[in-house]
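Please read the structure below before turning to the comments.
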Amino acid sequence: MLLIDEVGSRSLDARSAGLRYQGFNRRYQRASTIVTTNVPFKDWGERFHNSAAASAIADHPVHQGLLVRIIGKS
């Protein structure tokens with residue numbers, strides 16, 4: 001199991017966004033991955049170089065995954 005905490009808390013350049021995508025892609029349907037973020041998916045395009053990169057990065061964890069939304073004070 002891999003835990004990636006605070007996804008999107010810092011902006012990524014094109015190379016870093018590509019590496020992040022590769023990491024998710026390699027684990028896709030092979031191993032468990034937990035992702036935490038306080039950044040809404042709609043804002044990921046600003047953090048992951050561009051909207052296409054953000055969509056690709058979000059696609060694998062969301063597909064066949066479980067999204068748990070916690071509302072309240074941090």
Side-chain angles (χ1 to χ4, degrees):
M1 178 175 300
L2 174 65
L3 170 62
I4 303 173
D5 192 26
E6 294 293 330
V7 170
S9 61
R10 294 184 355 186
S11 296
L12 300 178
D13 60 18
R15 181 174 186 275
S16 298
L19 291 172
R20 177 69 51 95
Y21 171 76
Q22 287 178 15
F24 281 121
N25 193 45
R26 286 183 183 149
R27 298 182 63 78
Y28 181 59
Q29 294 187 338
R30 293 187 188 129
S32 298
T33 306
I34 297 173
V35 177
T36 69
T37 185
N38 61 357
V39 179
F41 286 126
K42 68 181 179 71
D43 295 337
W44 277 28
E46 300 168 7
R47 308 294 173 100
F48 293 107
H49 183 63
N50 61 47
S51 294
S55 293
I57 290 168
D59 183 56
H60 290 317
V62 172
H63 180 251
Q64 294 185 352
L66 175 64
L67 179 62
V68 177
R69 186 172 185 185
I70 301 171
I71 299 173
K73 286 190 165 188
S74 178

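Values below: all heavy atoms of this structure, side chains included; hydrogens, waters and symmetry mates excluded.
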Euclidean distance, [Y] [atom2] relative to [X] [atom1], rounded to 0.5 Å:
| X | Y | atom1 | atom2 | answer |
| --- | --- | --- | --- | --- |
| L19 | D13 | CG | CG | 8.5 Å |
| R20 | N25 | CZ | CG | 14.0 Å |
| S32 | L3 | OG | CG | 11.5 Å |
| T36 | E6 | OG1 | CD | 5.0 Å |

T37 (side chain) donor-acceptor with V7 (main chain) under 3.5 angstrom: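 At least one qualifying donor-acceptor pair exists.
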Looking at R47 and L12, would you say the former's side chain and the latter's main chain have a donor-acceptor pair under 3.5 Å? no
Could you tell me which non-hydrogen atom of [X] sits nearest to which non-hydrogen atom of [Y], and how far apart they are?
| X | Y | value |
| --- | --- | --- |
| F48 | A53 | O-CB, 3.1 Å |
| N50 | A52 | OD1-N, 3.0 Å |
| R27 | L2 | NH2-N, 3.3 Å |

Applying side-chain contact (heavy atoms from CB on, under 4.5 Å), name anything that partners D59, two or more places apart in sequence or on another chain.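 With neighbours one apart ignored, the set is empty.
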Who pairs with Q64 by side-chain contact (heavy atoms from CB on, under 4.5 Å), at least two apart in sequence or on another chain?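 Scan of Q64 (side-chain contact (heavy atoms from CB on, under 4.5 Å), adjacent residues dropped) gives Q29.
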Connected via hydrophobic side-chain network under 4.5 Å: [X] and [Y]:
| X | Y | answer |
| --- | --- | --- |
| L67 | V35 | yes |
| V62 | I34 | no |
| F41 | F24 | yes |
| Y28 | L66 | no |

Does Y21 have any ring pair (Phe, Tyr, Trp, His ring centres under 6.0 Å) partners at least two apart in sequence or in another chain, and if so, which? H60
